[in-house]
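All remarks here apply to the structure that follows.
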Amino acid sequence: MQEKCGVVGIAHADTPVARSLYDALYALQHRGQEAAGIVTHDGFQQHQHVEVGLVGDAFDERDLESLQGRAGIGHVRYPTQGSLERSCAQPFSISFKGGALGLSHNGNLVNTAECRDALADAGHTFTSTGDSEVIAHELAHQLLEHDVVEAVRQLMDRVHGSYSLTIMYDDEVMGVRDPLGNRPLCIGKVDDGYILASESSAIDTLGGELVRDVRPGELVRLARDGSGYTSDQIVEVDHPAHCFFEYVYFARPDSTMEGHLVYEIRRELGRQLWQESGIETDVVIPVPDSGRAFASGYAEASTGVEFAEGLMKNRYVGRTFIMPTQDERERAVRAKLNPIRSTIEGKTVTLIDDSIVRGTTSKQLVKLLRAAGAREVHLRIGSPPIRAPCYMGIDMATREELIAHDRSLGEIETAIDADSLAYLSREAIAETLEVTFDDLCMACVTGKYPYDIEGEETDRHISSRVARTP
Ligand code: SF4
């Protein structure tokens, strides 16, 4: 399972912005490892550098020096729509009659083809296959006829799906979050100005302070002199559809989202997991790194089950789920995680992970632990079973590939060869986040989506839920 992308936008009062954007992108590297890019504006013209690869490989000193100006946006990418090639790397930069536009997108549209066809009919040509370029062209199209606020309102009317955007319109930096707030975006104060970023850890990296989350359906414009920002609530919704997986897996544990420190949320989910399905074993061990906070909360809430590290991670192997074939994924798990025998041998073990997607990793880990001498292996999972694909920008798997898609709990337990298996309930997640189900997207668990998607069920209708502000 792979996060979609990370976005950032910064406006400084006095100092060049390129290095701050670079540092912020480094902090967001976990949200996309396939390409990185920056667009700045020096008051006269835009400068752009995008490259395939990690942030550290995509830029050198010369690149940063060429990215002149006190305002800019950046992007780290994992392709969700559009093939993996340089032309899909972001930020997109386009020049049109109304000026110069740069755009970074995190999310996924569910009506790309419809929007693309309408724009093509209006004479727009595209250089990539992705949905982000469609958003850039749609916005440019609207900016020819409208001011910024009305153009964003028109954009929100036309494009449907998840999008957190940072936008560079001439020398102005803006941020937009889709009306359901599916993907995160926050505002921060840094030394010499203001920043918009997917996660607050990017703000921390610059020594800044989180101000607040951008609200669903809100447009935020950073002042060109770095003195502040203005806000326009473009549309209002009764309930957002925040992706619950940001808290469970995608976001960095040191990020704060919607008022919650992600690390503390994961620890609390671990405590809940103990309350719901705790089992007395000799030791509880996490799947590193994402299971660690869950396991520490689980052990803390337990009646004295020892928390220990039982799997050592090779940090130089990429995320397993990026591997395109089953065989490569299995090899990657073995290369990535190695058991610590002394923690495991002769013991009953509870293994904690954040989620199960295809089941490949879980099955292999159970096998590894048994081979290392575990007497019993009980698996506890910090989220509910994933039964349906994500159309909102998470590269998860097809429905058929998901192990829970057509299996009962007992069947999954058997397939993974665990002595017992339990997932955390949806209720525990909503309760921990202090929201109702109405305020979360849990479509990959329920199969009911917050948008109209052909062939799928919806649990709400966006058009009936979006109320325009006067
Ligand atoms: S379907 Fe799942 S992964 Fe996708 S946005 Fe909704 S909660 Fe997040």
Side-chain angles (χ1 to χ4, degrees), residues 1-7 30-32 78-81 105-112 131 159-165 177-185 198-199 213 216 237 239-252 255 257-258 260 262 265-266 269 290 319 321-322 353-358 381-405 423-430 432-433 435-462 465:
M1 188 160 40
Q2 178 64 41
E3 173 60 74
K4 329 97 308 222
C5 296
V7 301
H30 61 292
R31 299 183 72 88
Y78 182 82
T80 50
Q81 267 196 27
H105 172 210
N106 171 204
N108 207 51
L109 298 189
V110 297
N111 66 338
T112 306
D131 58 345
V159 302
H160 299 147
S162 64
Y163 51 92
S164 279
L165 310 173
R177 200 170 174 198
D178 73 68
L180 295 182
N182 184 254
R183 308 258 61 92
L185 190 64
S198 294
E199 291 185 35
D213 293 276
V237 295
H239 298 284
H242 300 313
C243 168
F244 88 98
F245 250 109
E246 289 285 350
Y247 297 96
V248 166
Y249 176 68
F250 302 130
R252 274 174 52 155
S255 285
M257 286 183 175
E258 310 296 333
H260 300 290
V262 172
I265 290 294
R266 288 179 192 166
L269 294 177
S290 50
R319 288 189 171 203
F321 300 111
I322 299 173
D353 206 353
D354 57 90
S355 55
I356 302 179
V357 183
R358 296 175 179 84
I381 304 298
S383 59
I386 299 171
R387 300 188 193 281
C390 176
Y391 297 93
M392 274 71 75
I394 304 302
D395 181 31
M396 198 172 257
T398 62
R399 196 179 298 268
E400 292 66 35
E401 288 171 325
L402 297 168
I403 193 167
H405 138 69
Y423 289 89
L424 189 64
S425 68
R426 290 172 66 211
E427 287 74 13
I429 287 170
T432 301
L433 294 173
V435 293
T436 67
F437 292 140
D438 286 346
D439 295 330
L440 290 174
C441 177
M442 287 192 154
C444 49
V445 171
T446 61
K448 293 182 179 165
Y449 294 83
Y451 306 94
D452 281 333
I453 295 166
E454 206 182 327
E456 301 285 2
E457 278 184 73
T458 181
D459 63 355
R460 52 187 107 188
H461 201 287
I462 180 75
R465 302 180 66 258

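Start at 1 and go down the list; that is how both ligands and their atoms are numbered.
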Tell me, with the steps shown, if L180 and C441 meet side-chain contact (heavy atoms from CB on, under 4.5 Å).
CA-CA 9 Å; L180 295 182; C441 177; over 6 Å; no
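- Under a 4.0 Å criterion applied to the non-hydrogen atoms of A443, ligand 1 contributes the atoms 1 (S).
- Nearest heavy atom pair, residue P384 against residue Y423, reads C-CD2, 3.6 Å.
- Close approach of ligand 1 to C444 (heavy-atom distance below 4.0 Å) involves ligand atoms 1 (S), 2 (Fe), 3 (S), 7 (S).
- In this structure, E246 does not count as a contact residue of ligand 1, since none of its heavy atoms falls inside 4.0 Å of the ligand.
- Here Y449 and Y391 bring their ring centres to under 6.0 angstrom of each other.
- Using a 4.0 Å cut-off to heavy atoms of M392, the atoms of ligand 1 that qualify are 1 (S), 5 (S), 6 (Fe).
- With a heavy-atom cut-off of 4.0 Å, K448 does not touch ligand 1 at all.
- Between F245 and F250, the ring-plane angle classifies as tilted under the 30° and 60° cut-offs.
- At a threshold of 2.8 Å, atom 2 (Fe) of ligand 1 has no backbone or side-chain N, O or S atom of C243 nearer than that distance.
- Residue contacts to atom 8 (Fe) of ligand 1: C441 brings no N, O or S atom closer than 2.8 Å.
- Around the CD atom of E400, the shell of radius 6.0 Å holds more than 12 heavy atoms that belong to other residues, nucleotides or ligands.
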Requested in this report: Check the pair D354 / I381 against side-chain contact (heavy atoms from CB on, under 4.5 Å), numbers first and verdict last.
Outcome: CA-CA 5 Å; D354 57 90; I381 304 298; over 6 Å; no
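- Proximity of N182 to ligand 1, defined as any heavy-atom pair under 4.0 Å, is confined to the side chain (atoms from C-beta onward).
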- Message: Using side-chain contact (heavy atoms from CB on, under 4.5 Å), reason through E246 and E258 one step at a time and then give a plain yes or no.
- Response: CA-CA 11 Å; E246 289 285 350; E258 310 296 333; over 6 Å; no
Candidate pair M257 and I265, rule side-chain contact (heavy atoms from CB on, under 4.5 Å), full reasoning: CA-CA 10 Å; M257 286 183 175; I265 290 294; over 6 Å; no
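- Less than 4.0 angstrom separates some heavy atom of C390 from each of these atoms of ligand 1: 1 (S), 3 (S), 4 (Fe), 5 (S).
- Close approach to F244 involves these atoms of ligand 1, each under 4.0 Å from a residue heavy atom: 7 (S).
- With ligand atoms numbered from 1 in the order given, ligand 1 contributes 5 (S) to contacts under 4.0 Å with heavy atoms of R183.
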